[in-house]
Amino acid sequence: MNASTHRPHLLRATAQDPSHARLLQRRHSAGTLVRLLAGVYIATDEWDALSADGQHLARARAVAPRLRPGSVFSHVTAALIHGWPLIGHPPDRVHVVDRSVSVIQQRAGLVRHPSARAPQIDAVQFDGVPVTAQSDTAVALVSSAAPHVAAVAVDAAVRQGTLLVGELHQAVPVRPARGSLRAQTVLAALDARHESVGESFAAIRFVQLGLPPCEPQVAFRHRDGTVDRVDFWFPTLGVIVEFDGRQKYVDPAMLRGRDPADVLWEEKRREDRLRALPPVRAFVRPTWWHLVEPDRLRALFRSHGIPVGRDEFTRSATVHAANRP
């Protein structure tokens with residue numbers, strides 16, 4: 001089910017029908033309805049069937065009729081409307097740009113953001129309310145959201161070709177503006193060559209840990225003509241990193257009729273080929289578990305003899321370069 005296009009059935013109380021309002025309140029007290037806002041409900045079973053993203057967008061639909069004229073869905077709410085992936089649970093509050101406010105205002109179920117200029121809006125509205133265009137949505141996210149959340153969401157649009165990293169560099173705030181340092185961290189991780197949410201997640205974690213620049217989707221050609229493509233290659237370190245998601249071993253679309261055991265065996269042979277190449281010093285396989293907590297990823301690199309930290313990486317890269325044939 002597409003969370004941005006699914007229309008849940010919302011029940012609204014009105015002052016013109018007090019008996020209906022009391023009925024909704026009784027059903028809510030009995031547990032058969034979930035209250036999204038004062039006077040706005042959804043059936044409990046329908047609510048439970050929604051994804052976390054779908055629940056946030058149901059809240060957006062609930063608040064839409066109450067928004068001030070000129071309000072525009074923005075930030076994480078706009079990102080979900082655009083269909084971008086989100087790491088973690090969406091916030092309970094819906095986000096809008098409201099040019100009638102001078103500071104951020106947080107109300108029950110709603111966050112209003114000020115704006116010095118009229119935001120660019122998308123061609124399609126959401127329940128009759130405008131939505132910030134992808135470019136404005138991306139700038140808002142990279143400037144205010146947690147870097148890993150912003151990077152994964154915006155990288156999806158970069159991967160789809162609807163946003164260009166170069167254009168974002170021109171649009172984000174510059175130092176010492178608020179959010180400028182956060183934005184530069186996120187921009188350093190974006191790359192259209194990332195092929196999955198997991199790779200986008202890994203890329204921002206590399207930046208946050210201070211790893212040196214890497215190249216995504218690098219092909220290594222062997223003497224027999226075999227070509228192996230890897231998720232990430234750190235040339236100054238001689239390190240290959242492969243995001244090792246469980247999906248590749250269980251998803252029928254990725255298995256393509258192959259036995260999971262055969263896929264695992266072929267993956268082992270592939271890793272052996274790559275490890276045998278003279279430039280390759282280490283082969284690291286982070287999983288989602290490692291990415292959730294940066295310290296886990298740091299420990300994984302260190303377990304492979306790869307120190308983490310800019311000064312440490314400079315020394316390590318110098319030693320690796322000196323040992324190249």
Side-chain angles (χ1 to χ4, degrees), residues 3-4 36-38 40 52-158 162-163 165 167-187 189-190 204:
S4 63
L36 303 182
L37 295 171
V40 185
D53 294 354
Q55 289 177 352
H56 180 90
L57 292 177
R59 295 184 190 276
R61 294 186 189 276
V63 78
R66 303 184 181 184
L67 294 175
R68 295 170 178 169
S71 295
V72 181
F73 284 128
S74 65
H75 294 74
V76 67
T77 303
L80 291 176
I81 292 172
H82 290 312
W84 298 353
L86 194 69
I87 296 292
H89 202 285
D92 289 338
R93 290 188 174 98
V94 173
H95 290 253
V96 300
V97 167
D98 184 341
R99 299 188 69 202
S100 69
V101 302
S102 57
V103 295
I104 295 177
Q105 294 183 351
Q106 300 196 31
R107 299 290 185 266
L110 182 66
V111 180
R112 296 189 179 101
H113 298 267
S115 179
R117 65 169 179 83
Q120 299 181 50
I121 61 174
D122 196 64
V124 178
Q125 296 188 341
F126 188 77
D127 263 32
V129 178
V131 182
T132 52
Q134 291 199 19
S135 55
D136 275 20
T137 304
V139 171
L141 282 184
V142 303
S143 305
S144 63
H148 69 287
V149 173
V152 169
V154 177
D155 210 28
V158 171
T162 55
L163 283 178
V165 178
E167 293 180 355
L168 287 177
H169 274 281
Q170 300 298 318
V172 298
V174 297
R175 299 184 71 176
R178 183 179 181 180
S180 57
L181 185 59
R182 184 193 305 264
Q184 292 304 319
T185 298
V186 174
L187 292 180
L190 304 180
I204 184 61

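Among residues at least two apart or in separate chains, salt bridge (charged side-chain N to carboxylate O under 4.0 Å, His left out) pairs with a member in residues 106-125 are Asp98-Arg112, Arg117-Asp136.
From Leu110, atom CG reaches atom CG of Asp92 across 12.5 Å, with rounding to the nearest 0.5 Å. Atom CD in Gln134 sits 3.5 Å away from atom OG1 in Thr162 (nearest 0.5 Å). Expressed to the nearest 0.5 Å, how far NE2 of His75 lies from CZ of Arg93 amounts to 14.5 Å. Atom OG of Ser71 is separated from atom CZ of Arg66 by 14.0 Å, given to the nearest 0.5 angstrom.
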Apply side-chain contact (heavy atoms from CB on, under 4.5 Å) to Val142 and Leu168, showing your working.
CA-CA 10 Å; Val142 303; Leu168 287 177; 5.8 Å; no

Q: For His169 and Gln184, run side-chain contact (heavy atoms from CB on, under 4.5 Å): C-alpha distance rounded to whole Å, both residues' side-chain angles, the deciding distance at 0.1 Å, then the answer.
A: CA-CA 8 Å; His169 274 281; Gln184 292 304 319; 4.2 Å; yes

So Ile104 and Val111, side-chain contact (heavy atoms from CB on, under 4.5 Å) or not? Walk me through it.
CA-CA 7 Å; Ile104 295 177; Val111 180; 3.8 Å; yes

For this session: Might you work through the side-chain contact (heavy atoms from CB on, under 4.5 Å) test for Ile204 and Thr185, ending with a clear yes or no?
Result: CA-CA 8 Å; Ile204 184 61; Thr185 298; 4.1 Å; yes

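Of the residues Leu86, Ile81, Thr137, the one that meets the side chain to side chain contact (heavy atoms under 4.5 Å, CB included) test with Val76 is Leu86. Checked against Val94 for a side chain to side chain contact (heavy atoms under 4.5 Å, CB included), the options Leu36, Val63, Leu57 give a single hit: Val63.
Between Asp53 and Pro85 the shortest side-chain heavy-atom distance does not fall below 4.5 Å. At a threshold of 4.5 Å between non-hydrogen side-chain atoms, the residues Thr77 and Arg59 do not count as touching. Val158 is listed as a side-chain neighbour of Asp155, based on a closest heavy-atom distance under 4.5 Å. A 4.5 Å side-chain heavy-atom check between Glu167 and Ser135 finds every atom pair outside the cut-off. By the 4.5 Å heavy-atom criterion applied to side chains, Val186 and Leu141 are not counted as neighbours. Proximity of Arg68 to Val101: side-chain heavy atoms (C-beta onward) are separated by under 4.5 Å at one or more points. Residues Pro119 and Arg99 are in side-chain contact: their nearest non-hydrogen atoms beyond the backbone lie under 4.5 Å apart.
Checking side-chain atoms of Arg182 against main-chain N and O of Ala145 turns up a donor-acceptor pair under 3.5 Å. Checked by atom type and distance alone, the side chain of His82 pairs as donor or acceptor with a backbone atom of Thr132 at under 3.5 Å.
Using a 30° and 60° split on the angle between ring planes, Phe126 and Phe73 fall in the perpendicular class, above 60°.
Among all heavy-atom pairs drawn from His113 and Ser74, the shortest one is CD2-OG, 4.1 Å. When every heavy atom of Leu37 is checked against every heavy atom of Ala108, the shortest pair comes out as CD2-O, 3.9 Å.
Remark: Arg178 engages no residue in a side chain to side chain donor-acceptor pair (under 3.5 Å) (not counting sequence neighbours).
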